[in-house]
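What follows is a set of notes on a single structure, which appears directly below.
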2 protein chains.
Amino acid sequence: MSRHAHGQPAGLTRNQALVHRALAEAEGPLSAYTILDRLRGEGLRAPLQVYRALEKLVERGLVHRLESLNAFVACSHPETAVHDATAFAICDKCGTVSELADARLARRLATLAGEAGYTLDRSTVELRGLCRACRPAAG
Amino acid sequence: MSRHAHGQPAGLTRNQALVHRALAEAEGPLSAYTILDRLRGEGLRAPLQVYRALEKLVERGLVHRLESLNAFVACSHPETAVHDATAFAICDKCGTVSELADARLARRLATLAGEAGYTLDRSTVELRGLCRACRPAAG
DNA sequence: ATCGCATACGTTATAAGGTTACGCAATCTG
DNA sequence: CAGATTGCGTAACCTTATAACGTATGCGAT
């Protein structure tokens with residue numbers, strides 16, 4: 001496995017490693033600007049530094065972008081080869097995010113896209129609702 | 001059906017009708033600011049006028065927001081009751097969008113969310129790839 | 001070694017997308 | 001008619017993302 005003992009993936013540049021660590025240490029998704037703020041102490045100053053690092057990290061499947069939130073999360077199972085068919089459940093109240101991998105869903109999406117005449121390159125699946133903790137207790 | 005002969009849904013305010021028409025007449029998705037620009041001739045001046053209209057239109061299921069594009073499209077089957085489980089296929093080359101409704105997908109998403117401990121309120125499913133016309137011809 | 005190329009970096013400025021705050025007008029409801 | 005609700009218009013502002021430019025560094029081929 002391409003990691004050191006400290007859990008940092010190998011082969012990252014300084015900025016990439018900083019951004020990845022910020023996300024890995026966060027409880028939930030962070031916006032690019034929040035990441036920037038958290039890394040000012042490390043010398044980062046401009047949005048582009050963060051966006052460039054994020055771009056590479058997303059390419060490598062180490063970070064996911066949550067489109068409906070304009071935010072980013074560290075991938076919770078970076079070992080997995082395929083990261084472009086991942087679904088996310090997002091709690092509308094507390095913001096908790098769960099990463100879901102499901103082959104059946106992936107197949108259904110591929111089939112649907114194919115039937116509509118599209119090749120499927122990557123998919124965005126974001127489910128909004130309430131997590132167990134935030135759900136009002138049942139009668 | 002709640003429409004006039006001209007295809008405009010009934011019960012819309014002026015701004016809502018303008019925004020809806022702009023989207024219905026467009027070939028593809030439009031950003032809020034593009035809508036605004038197209039409606040300046042009709043007297044719209046500020047982003048908020050468009051966003052407010054969009055909010056209502058989305059609530060009523062007449063318009064969908066494409067999160068991965070930060071853009072909006074008119075719903076292609078507004079008669080359908082349920083608009084919160086719609087999937088979209090988006091061509092990365094020409095920008096064409098197809099709206100896909102699929103009960104099996106909807107069920108799978110509901111199941112997945114449930115298994116992860118979430119209630120499912122609404123889902124975002126956006127499939128990126130190439131449409132038939134843009135796909136390089138096979139051998 | 002050094003040229004050419006690719007990749008990352010840093011900085012400034014700016015574009016694009018979205019919201020807050022405030023007040024007025026019309027409509028509905030009791 | 002009082003109060004509530006909904007929509008409207010304007011200005012200012014905030015957040016998110018990219019363009020444009022130049023520098024530095026590693027690396028393979030001549």
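Residue numbers start from 1 in every chain, and the chains themselves are labelled A, B, ... in the order their sequence lines are given, proteins ahead of strands.
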N/O (side chain, [X]) to phosphate O (OP1/OP2, [N]) under 4.0 Å:
| X | N | answer |
| --- | --- | --- |
| B/N70 | C/dA16 | no |
| A/T13 | C/dT7 | no |
| B/S31 | C/dA16 | no |

- Would you find a donor on one side and an acceptor on the other, under 3.5 Å apart, between the side chain of B/Q49 and the backbone of B/L44?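 Answer holds: no.
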- Task: State whether the side chain of B/S98 and the backbone N or O of B/A89 hold a donor-acceptor pair below 3.5 Å, judged by distance alone.
- Result: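 No, the answer is negative, given that no donor and acceptor are paired below the 3.5 Å cut-off.
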In whole angstrom, what separates [X]'s [atom1] from [N]'s [atom2]?
| X | N | atom1 | atom2 | value |
| --- | --- | --- | --- | --- |
| B/L18 | D/dG7 | CG | P | 15 Å |
| B/L69 | D/dA17 | CG | P | 13 Å |
| A/R52 | D/dC21 | CZ | C1' | 11 Å |
| B/L36 | D/dC8 | CG | P | 14 Å |

- Message: Taking the basic N atoms (NZ, or NE/NH1/NH2) and the acidic carboxylate oxygens, is any pair closer than 4.0 Å for B/D92 and A/R122?
- Response: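 Between A/R122 and B/D92 there is a salt bridge, with a charged N closer than 4.0 Å to a carboxylate O.
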- Ion pair A/R65/A/E67, N-O distance below 4.0 Å: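 Yes, A/R65 and A/E67 are salt-bridged.
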- Query: Taking the nucleotide of DNA chain C with the closest heavy atom to each, which residue, A/A53 or B/A32, is nearer the 5' end?
  - Reply: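 Nearer the 5' end of the strand: A/A53.
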- Task: Please determine which of A/Q16, A/K56, A/E55, A/H20 meets the side-chain contact (heavy atoms from CB on, under 4.5 Å) test together with A/V63.
- Result: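 Passing option: A/H20.
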- Message: Testing the basics here: between A/L130 and A/C134, what is the closest heavy-atom pair and its distance to 0.1 Å?
- Response: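 Reported closest heavy-atom pair: CD1-O, 4.1 Å.
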- Task: State which of D/dC8, D/dA17, C/dA8 makes the closest approach to the side chain of B/N15.
- Result: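 Taking heavy atoms from C-beta onward, the closest nucleotide is D/dC8.
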- Message: Under 3.5 Å, is there any donor-acceptor pair linking the side chain of A/Y33 to the base of D/dA17?
- Response: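 Result: at least one qualifying N/O pair found.
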- Neighbours of DNA chain D within residues 40-51 of chain A, by heavy-atom distance under 4.0 Å: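 Residues of residues 40-51 of chain A under 4.0 Å from DNA chain D: A/L48, A/Y51.
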